[in-house]
Amino acid sequence: MFSWINKDEAKKRNIDVYESVLEGLKKVYKTKVLPLESSYHFHDFHSPALDDPDFDAKPMILLVGQYSTGKTTFIRYLLERDFPGIRIGPEPTTDGFIAVMYSETDGVIPGNALVVDPKKPFRPLSKFGNAFLNRFQCSQVDSSVLKGISIIDTPGILSGEKQRVDRGYEFTGVLEWFAERVDRIILLFDAHKLDISDEFRRSIEALKGHDDKIRIVLNKADMIDHQQLMRVYGALMWSLGKVLNTPEVARVYIGSFWDEPLRYDSNRRLFEAEEQDLFFDLQSLPRNAALRKLNDLIKRARLAKVHAYIISELKKEMPSVFGKENKKKELIKRLGSIYEKIQREHQISPGDFPDIKRMQDQLAVHDFTKFNALKPRLLENVDLMLANDIARLMAMIPQEEALATRENNSNVKDSGDQVGKLSGGAFDGVMNDNTVFGYRRGEGIDAGSGEPEWIVAKDRHKYDQLFFALDPIDGKITGSAAKAEMVKSKLPNSVLGKVWKLSDLDKDGMLDIDEFALSMHLINVKLDGHDLPAELPEHLVPPSKRGFQA
């Protein structure tokens, strides 16, 4: 008797064991979220069901922009080579979606063949029909950059209603599908063409809900001088403010992402710094892929719960026999009040609800009598997943990262590949510090690296005069005497303390003539706007102290 109680208790105690974060995500989605989605027609309203390739796929970058903003050139710049199907020109060239992905042999897979490939994450795109599939292809490229990411090139967005109709498929619908699955969305703007057309506005609006993925690039910034660039940047921020409708200021990366000479090189240092920031952001994608997929699954589960409440409430309101069609129209009309009722009853944030206008349009073509009533067990499973399974999977992410780092450290000497980090193409040239053209090489703390003479010796005469003016005893000045001179720089005590730790090489609390000269050099480096290192580089160690250990 009451054996069913014991079975339920046993189920609760039976905790699933996951081999990896991705395997865990697949399992909790199929066992906890998918049954809820299927029961309440979630896939007809929002997004198709997820398959294994959606979890296994490499991080993807989606490039969106009006024609001639440099989307295809940006891909070529990253890869440092052409890819099959590439077309670049000032006129609208790319008229379809191109997925640029890794393969050992170069080639092109047309759209119809691509969406039936079980190993690729594009199968749900078949719902957009042949008009889209004829303009969709995969360009396979043997590039080490693509071992870590895949890149989606989109058609250049034009102005005018006619262009939208002539596409023959739901362009914004395709963008929404990709936006939900990619890791980064890069909006490209041309410094000479900041107008946001009607279709571009609709495209940006289709990306709403994925603001954390969006990065904005002001491309071709070398074509204008410093004063014009300042005005263009202000105009871009004004235009974006009208479309994005967010209180935060969007992060805009300014640069010229191609391999041609800069027309105006007065902003070279700015472009290099912005390029570093953007590439650093892209390099984090493989490392954070599991966390992004987990975050997207949480968002999807929350939306599935809200959708279930909406559908079940509509089902409950429907009459059993007569007046179904009229009741359906009435419910659709007062969907806003139904949203408010669900918010009050279940304490759900208004931001978790789908767009009311779009929901009304979709409900108009559905038969409410086929909707299901509320099933508390399905909702309870999702709640338990969010409370327990997701927390356990989040705890596994740092462990997997640490394991990948250890494997990387043991294998990188043999293979040259770095786990969880993009390499090859432009990433080697931009992020690599092994050449004299590396970012900020020869500047700040790196000045003098590789030179035969000690860089501090260039201003040694000034530093020595200060040293002897401080009345050294037995060739050294006391800490209080050095402090009196160092505080004249007006740097904070925390910074001067770091300078002292780097300069007092023998750790005796005093500075000799070489150590004092080094401290003055480090202070000047900081005053010039550069950061101080955690440890003193070898080229800054005084020649008399090299090989010495405190």
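Note that the structure is predicted; figures quoted are calculated from it, not measured.
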Give me the ring orientation class for [X] and [Y]: parallel if the planes are under 30° apart, tilted from 30 to 60°, perpendicular past 60°.
X: Phe74; Y: Phe257; answer: perpendicular
X: Phe136; Y: Phe132; answer: parallel
X: Phe171; Y: Phe97; answer: tilted

Got a sec: does the [atom1] of [X] have more than 12 other heavy atoms crowding it under 6.0 Å?
X: Glu104; atom1: CD; result: no
X: Met396; atom1: CE; result: yes
X: Asp531; atom1: CG; result: no

For the backbone of [Y] and the side chain of [X], can you confirm whether one donor and one acceptor N or O come within less than 3.5 Å of each other?
X: Tyr339; Y: Phe353; result: no
X: Arg184; Y: Leu63; result: no
X: Ser239; Y: Ala235; result: yes
X: Lys220; Y: His192; result: no
X: Ser150; Y: Met101; result: no
X: Lys120; Y: Val115; result: no
X: Asp428; Y: Gly424; result: yes
X: Arg392; Y: Asn388; result: no
X: Gln140; Y: Gly107; result: no
X: Lys213; Y: Glu180; result: yes

Closest heavy-atom contact between [X] and [Y]?
X: Asn219; Y: Ser256; value: OD1-CA, 3.7 Å
X: Phe55; Y: Leu22; value: O-CD2, 3.6 Å
X: Pro59; Y: Gly148; value: CD-O, 3.3 Å
X: Tyr40; Y: Ala373; value: OH-O, 2.8 Å
X: Ala290; Y: Leu25; value: O-CD1, 4.2 Å
X: Ala301; Y: Val33; value: CB-CG2, 4.2 Å

Taking only Lys NZ, Arg NE, NH1 and NH2, and the carboxylate oxygens of Asp or Glu, determine whether [X] and [Y] approach each other closer than 4.0 Å.
X: Asp52; Y: Lys30; result: yes
X: Asp296; Y: Lys293; result: no
X: Lys27; Y: Asp389; result: no
X: Glu37; Y: Arg300; result: yes
X: Arg202; Y: Glu205; result: no
X: Lys316; Y: Glu313; result: yes
X: Lys305; Y: Asp352; result: no
X: Lys208; Y: Asp355; result: no
X: Asp281; Y: Arg215; result: yes

[atom1]-[atom2] distance between [X] and [Y], expressed to the nearest 0.5 angstrom:
X: Met237; Y: Leu218; atom1: CE; atom2: CG; result: 10.5 Å
X: Asp212; Y: Ile185; atom1: CG; atom2: CD1; result: 8.5 Å
X: Ile186; Y: Thr69; atom1: CD1; atom2: OG1; result: 11.5 Å
X: Ile204; Y: Thr172; atom1: CD1; atom2: OG1; result: 13.0 Å
X: Phe280; Y: Gln283; atom1: CZ; atom2: CD; result: 8.0 Å
X: Ile152; Y: Phe178; atom1: CD1; atom2: CZ; result: 5.0 Å

Take Leu262 and Asn267 through the side-chain contact (heavy atoms from CB on, under 4.5 Å) test and state the conclusion after the steps. CA-CA 9 Å; Leu262 300 177; Asn267 295 312; over 6 Å; no
State, yes or no, whether a side-chain contact exists between [X] and [Y] at a heavy-atom distance under 4.5 Å.
X: Arg377; Y: Glu380; answer: yes
X: Ser39; Y: Leu378; answer: yes
X: Ile151; Y: Leu146; answer: yes
X: Phe45; Y: Pro354; answer: no
X: Leu282; Y: Phe427; answer: yes
X: Leu270; Y: Leu229; answer: yes
X: His43; Y: Leu34; answer: yes
X: His307; Y: Met359; answer: yes

Kindly confirm or rule out a cation-pi arrangement of Lys328 over Phe368, judged by NZ or CZ under 6.0 Å from the six-membered ring centre and within 45° of its axis? yes
Has Arg81 got its NZ or CZ under 6.0 Å from the middle of the six-membered ring of Phe83, at an angle within 45 degrees of the ring axis? no
One pair to check against side-chain contact (heavy atoms from CB on, under 4.5 Å): Asn112 and Asn134. What are the steps and the verdict? CA-CA 7 Å; Asn112 283 286; Asn134 290 335; 3.6 Å; yes
Stepwise salt bridge (Lys or Arg N to Asp or Glu O under 4.0 Å) check, Glu340 with Arg334: CA-CA 10 Å; Glu340 293 174 1; Arg334 63 180 184 89; over 6 Å; no
With a 6.0 Å cut-off on ring centres, are Tyr233 and Phe189 close enough? no
Can you check side chain to side chain donor-acceptor pair (under 3.5 Å) on His366 and His41, steps first, answer last? CA-CA 10 Å; His366 279 78; His41 307 275; 5.7 Å; no
Mind running side-chain contact (heavy atoms from CB on, under 4.5 Å) on Trp258 and Asp222 for me, showing each step along the way? CA-CA 11 Å; Trp258 67 341; Asp222 68 307; 4.3 Å; yes
Derivation and outcome, side-chain contact (heavy atoms from CB on, under 4.5 Å), residues Arg76 and Thr72: CA-CA 6 Å; Arg76 188 180 184 278; Thr72 307; 5.9 Å; no
